[in-house]
Structure formats: structure tokens, C-alpha cells
Amino acid sequence: QVQLVESGGGFVQAGDSLRISCAVSGLPFSNYAMGWFRQAPGKEREFVAAISRIGGVINYETSVKGRFTISRDNAKNTVYLQMNSLKPEDTAIYYCAADYDGLGSDFLDRYDYWGQGTQVTVSS
């Protein structure tokens, strides 16, 4: 049974930092590129960041470049998203997703498995 379980979300002030995690089980983690997506109320789910199977390729959505850092630990089957200088517009549910044999795509439909999401709320 494949499981992607996000954790670490919360309520923070603008300018604060937060690290969210996604623990993966039930699949060969190192064979999957991993992505983070987010969905704000009333909006479409959008790409945030992605990392290839061994971390050689990393992509970011333009608005988070320089503020967010994606990383992975293949020994722990976990992917992380370090979020610094948070803004109210970063408020959303954050989802991790797994893409078999991927290269870190920003294309939502490439991803095979999804977590349930973790809420991040940034207050001004």
C-alpha cells in the first residue's frame, strides 16, 4: 500500500520559516522524482517545486525561487520543503507527489501518487 504522508504545516507570521515533510512508504522511493504542489481556496492546484530521483535536477515555481528549498533523503524515504520568508500568498494546502522515473516535472498529470496535504497559513 503506497502512502505519502505530509507533516509540519501550521500557522505562522509573514517572514517566518517553516519546514514541511513528506514520508513515503510502499514504493521504491529512489525510483521516483518527488514534487510539492499547493492549492489555495478557490484556486487550481499549482506546482511549487520538484526534485529528481537522486536530487540532480531541481525545479522551482518562479514566485518561490530563492525562498523555498526542496530536498530529499533517500535513506529515510522522505522529501522536505524548507520555506523561508513566507508571505500571506503562500497560504495553501501543500501536497507532495511521486512521479515514477521522473526528472522533476512541473506537470501535475505526470505524478502517480499523492498525499493528503498539510495546511500552511501565513498571517500578515
Side-chain angles (χ1 to χ4, degrees):
Q1 178 182 358
V2 176
Q3 286 191 306
L4 285 70
V5 180
E6 300 94 338
S7 62
F11 183 97
V12 296
Q13 300 292 319
D16 285 351
S17 297
L18 201 61
R19 188 178 81 157
I20 57 178
S21 304
C22 173
V24 180
S25 60
L27 54 77
F29 184 69
S30 61
N31 286 356
Y32 285 76
M34 297 299 298
W36 285 100
F37 293 77
R38 65 187 180 186
Q39 188 166 17
K43 295 189 176 181
E44 298 287 318
R45 192 170 298 190
E46 66 175 7
F47 171 74
V48 176
I51 186 168
S52 60
R53 289 174 295 160
I54 57 172
V57 177
I58 292 176
N59 292 316
Y60 294 102
E61 191 272 328
T62 301
S63 71
V64 308
K65 280 183 181 177
R67 300 190 298 124
F68 290 11
T69 303
I70 188 171
S71 61
R72 65 188 294 159
D73 186 337
N74 285 356
K76 295 182 178 180
N77 288 5
T78 301
V79 61
Y80 305 96
L81 186 68
Q82 175 68 44
M83 302 182 290
N84 298 330
S85 302
L86 282 160
K87 304 176 181 180
E89 51 263 44
D90 295 318
T91 294
I93 299 174
Y94 284 71
Y95 300 89
C96 69
D99 171 15
Y100 177 73
D101 204 28
L103 292 175
S105 172
D106 61 355
F107 186 47
L108 186 149
D109 287 350
R110 268 212 56 103
Y111 288 80
D112 306 293
Y113 300 101
W114 292 82
Q116 294 299 305
T118 186
Q119 177 71 48
V120 173
T121 303
V122 185
S123 172
S124 58

(request) Can you run down the disulfide bond (SG atoms under 2.5 Å apart) pairs that involve residues 27-72, sequence neighbours left out, and say none if there aren't any? (result) none
(request) Kindly state each residue pair satisfying ring pair (Phe, Tyr, Trp, His ring centres under 6.0 Å) with at least one member in residues 19-58, sequence neighbours excluded. (result) Y32-Y100, F37-F47, F37-Y111, F37-W114
(request) Write out all pairs satisfying ring pair (Phe, Tyr, Trp, His ring centres under 6.0 Å) with one or both partners inside residues 64-96, taking only residues at least two apart or from two chains. (result) none
(request) Could you name each residue pair satisfying disulfide bond (SG atoms under 2.5 Å apart) that touches residues 46-79, not counting sequence neighbours? (result) none
(message) Minimum heavy-atom separation for G104 and A33, please, with both atom names.
(response) N-CB, 3.7 Å
(request) Could you list the residues that satisfy side chain to side chain donor-acceptor pair (under 3.5 Å) with E61, not counting sequence neighbours? (result) S63
(message) According to disulfide bond (SG atoms under 2.5 Å apart), does anything in residues 48-91 pair up with another residue at least two apart or in another chain? List the pairs.
(response) none
(request) List the atom of S52, the atom of G56, and the distance in Å for their closest heavy-atom pair. (result) OG-N, 3.1 Å
(request) Give a yes or no on whether the backbone of A92 and the side-chain of Q39 come within a donor-acceptor separation of less than 3.5 Å. (result) no
(request) Show your reasoning for whether side-chain contact (heavy atoms from CB on, under 4.5 Å) applies to M83 and I20. (result) CA-CA 8 Å; M83 302 182 290; I20 57 178; 4.0 Å; yes
(message) Can you list everything that forms a side chain to side chain contact (heavy atoms under 4.5 Å, CB included) with T69? Sequence neighbours excluded, please.
(response) Y60, Q82
(request) Kindly compute the distance separating OG (S71) from CE (M34), expressed to the nearest 0.5 Å. (result) 11.5 Å
(request) Enter the distance from T118:OG1 to L18:CG here, rounded to the nearest 0.5 Å. (result) 8.0 Å
(message) Applying a strict under-4.5 Å side-chain criterion to I, L, V, M, F, W and Y, I'd like to know whether I58 and V79 cluster together.
(response) yes
(message) Ignoring hydrogens, what is the shortest heavy-atom contact between L86 and V12? Give both atom names and the distance.
(response) CD1-CG2, 3.8 Å
(request) Apply side chain to side chain contact (heavy atoms under 4.5 Å, CB included) to T121 and list each qualifying residue two or more places apart in sequence or on a separate chain. (result) F11, T91, Q119
(message) With salt bridge (Lys or Arg N to Asp or Glu O under 4.0 Å) as the rule and sequence neighbours excluded, what pairs involving residues 26-38 come up?
(response) R38-E46, R38-D90
(request) Flag yes if L108 and I70 sit in one hydrophobic cluster, no otherwise; membership is Ile, Leu, Val, Met, Phe, Trp, Tyr, and two members link when side-chain heavy atoms are under 4.5 Å apart. (result) no
(request) Drop me the distance from T78's OG1 to L4's CG, to the nearest 0.5 angstrom. (result) 10.0 Å
(message) Suppose the criterion is side chain to side chain donor-acceptor pair (under 3.5 Å): which pairs have a residue in residues 13-27, not counting sequence neighbours?
(response) S17-N84
(message) With a 6.0 Å cut-off (strictly less than), is the heavy-atom count around CD of Q116, excluding the residue itself, greater than 12?
(response) no
(message) Any non-hydrogen side-chain atom of V57 less than 4.5 Å from a side-chain atom of N59?
(response) yes
(message) To the closest 0.5 Å, what do you measure between CG (N77) and CZ (R72)?
(response) 9.0 Å
(request) Report the residues that fulfil side chain to side chain contact (heavy atoms under 4.5 Å, CB included) with A14, sequence neighbours left out, ordered by chain and then residue number. (result) P88, V122
(message) Once disulfide bond (SG atoms under 2.5 Å apart) is applied, what residue pairs with a partner in residues 83-124 remain, sequence neighbours excluded?
(response) C22-C96
